[in-house]
Amino acid sequence: MATRRSLLKTLSMLPLAGSLLGTEWLHGQSISKTVLEPGARNFFKELGLRTFINAAGTYTSMTGSLMHKEVTEAISYGATEYVNLDELHDKVGERIAELLGCEYATVSSGAFGAMTIGVAGIMAGMDNEKVAQLPDVTGLKHEVIVQESHNIGYTHALLNAGAKIINVKNTKELEKAINSKTAMLWFLNANTESGPIKHEEFVALGKKHGIPTFIDCAADVPPVENLFKFTKMGFDLVCFSGGKGIRGPQSAGLLLGKRKYIEAARLHTPPRGTTIGRGMKVNKEEVLGMLVALELYLQRDHAKEWKMWEDQIKLISDSAKSVNGVETEIHVPPHANHVPSLKVKWNQNIIKMTPSEARNKLKNGHPSIETVGSDKEIGITTWMMEPGQERLVAQRLKEVLSNF
Ligand SMILES: *Cc1c(COP(=O)(O)O)cnc(C)c1O
């Protein structure tokens with residue numbers, strides 16, 4: 001039990017503590033009404049946290065993306081009633097599968113969680129003893145073959161389930177690596193360009209050898225078509241991040257594909273307790289938030305949004321180029337973060353400042369602006385900004401580059 005002294009100390013740390021102490025609290029009223037009035041508190045300010053304009057992109061460290069009001073409303077709604085967690089997942093899985101024209105789907109704990117439960121489902125199937133056995137893979141098919149150039153670290157999600165990664169360089173090595181312990185073939189869409197085996201051939205190799213294929217598409221909307229394309233192409237499992245381009249909850253994601261594998265993957269998730277996925281719970285609020293974010297994303301006018309991003313990038317590019325010595329390049333990455341993007345560089349004999357120094361000035365200025373970059377350039381995207389912020393970024397970038 002809290003003593004009165006510690007209670008007063010705690011209360012004094014809350015905003016509006018004066019009024020609470022003065023009247024309401026002492027008369028025994030609940031604090032929740034006064035303190036938790038929506039919009040009444042600036043939580044990040046209270047915590048002494050810097051908020052910023054996100055000119056970088058969907059970075060995990062920068063908390064991904066911002067959710068639309070419809071999504072946060074779905075989340076708030078979810079918090080008001082009890083439902084059975086499995087029944088909710090069943091219904092939402094069916095709804096998402098219908099929306100995306102695939103066999104089945106489930107809301108996962110991010111793309112990373114989707115990979116862990118996906119491979120676990122493939123390894124253990126519908127056998128509850130095997131489910132409980134993981135991450136011990138004794139007696140189970142557990143090797144996952146990956147193109148070496150695709151193995152940039154996200155395969156750790158597969159290791160978490162007990163799988164072993166086998167790296168191969170090309171088709172010949174891949175076929176040679178297949179044996180009675182092979183569980184799955186895994187593809188990283190972001191690195192399509194750097195691996196010799198492309199999508200269709202990869203899927204065909206899986207079918208030829210009777211081995212399921214999984215594609216990580218975490219950061220691969222836009223284009224919206226990708227939500228449909230890879231399940232149609234024949235990948236058995238496909239995952240997306242919830243909190244990147246789809247702008248759902250950052251800790252949610254989508255696992256799409258073959259029903260038998262997704263049903264098996266679900267056996268590793270809560271409410272079931274003795275599983276490797278018990279810690280990868282997706283609460284009802286985020287399940288609803290993910291569904292609504294997806295619905296909104298599918299309804300969006302993607303061509304119009306693209307045009308807006310192009311205009312925003314051009315505005316920022318023109319503003320930067322108006323400074324003597326600055327050069328810009330507009331580009332669109334072919335896979336992953338496939339959006340209009342800007343590179344800004346300059347002659348450092350004219351503008352005596354490194355890109356890191358300029359990025360720090362943007363970050364530490366008002367408003368704070370986060371960018372990406374290297375020792376050669378600043379990288380900017382606008383898709384994670386609120387409309388209008390592009391003007392502030394254009395202005396601040398020009399100011400920073402003009403004052404060295
Ligand atoms: C972001 C990302 C992940 C992790 O996705 P989460 O939704 O954060 O779990 C996995 N793979 C790739 C390629 C990513 O970009």
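One-based numbering, in listed order, for ligands and for the atoms of each.
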Work out which heavy atom in His268 is nearest to a heavy atom in Gly121; give both atom names and the distance. NE2-N, 3.7 Å
Has ligand 1 got any nitrogen or oxygen that is less than 3.5 angstrom from a nitrogen or oxygen of Gly242? no
Can you report which non-hydrogen protein atom sits closest to atom 10 (C) of ligand 1, along with the distance? Tyr154 CD2, 3.3 Å
Of the protein's non-hydrogen atoms, which lies at the shortest distance from atom 14 (C) of ligand 1, and what is that distance? Lys244 NZ, 2.9 Å
Atoms of ligand 1 less than 4.0 Å from Ser241 heavy atoms? 1 (C), 5 (O), 6 (P), 7 (O)
Show the atoms of ligand 1 that are less than 4.0 angstrom away from any heavy atom in Leu188. 13 (C)
Against Leu397, only a single residue in Val326, Ile316, Ile369 fulfils side-chain contact (heavy atoms from CB on, under 4.5 Å); can you say which? Ile316
Ring geometry between Trp306 and His338 (parallel below 30°, tilted from 30 to 60°, perpendicular above 60°): tilted
Using a 4.0 Å heavy-atom cut-off, say whether Ala111 meets ligand 1 through its side chain, its backbone, both or neither. both
Short list, please: which atoms of ligand 1 are under 4.0 Å from a heavy atom of Gly110? 7 (O), 9 (O)
Nearest heavy-atom approach of Leu100 to Phe228 is O-CD2, 3.3 Å
When distances are taken from atom 9 (O) of ligand 1, the protein heavy atom at minimum range is Phe112 N, 2.9 Å
Residue Asp216 vicinity, atoms of ligand 1 by number, heavy atom under 4.0 Å: 10 (C), 11 (N), 12 (C), 13 (C)
Should we say atom NZ of Lys207 is surrounded by more than 12 heavy atoms from elsewhere, each under 6.0 Å from it? yes
Checking Met115, His142, Met123 against Leu158 for side-chain contact (heavy atoms from CB on, under 4.5 Å), the one that qualifies is Met115
Report the relative orientation of the aromatic rings in Tyr154 and Phe112; use parallel for angles under 30°, tilted for 30 to 60°, perpendicular for over 60°. perpendicular
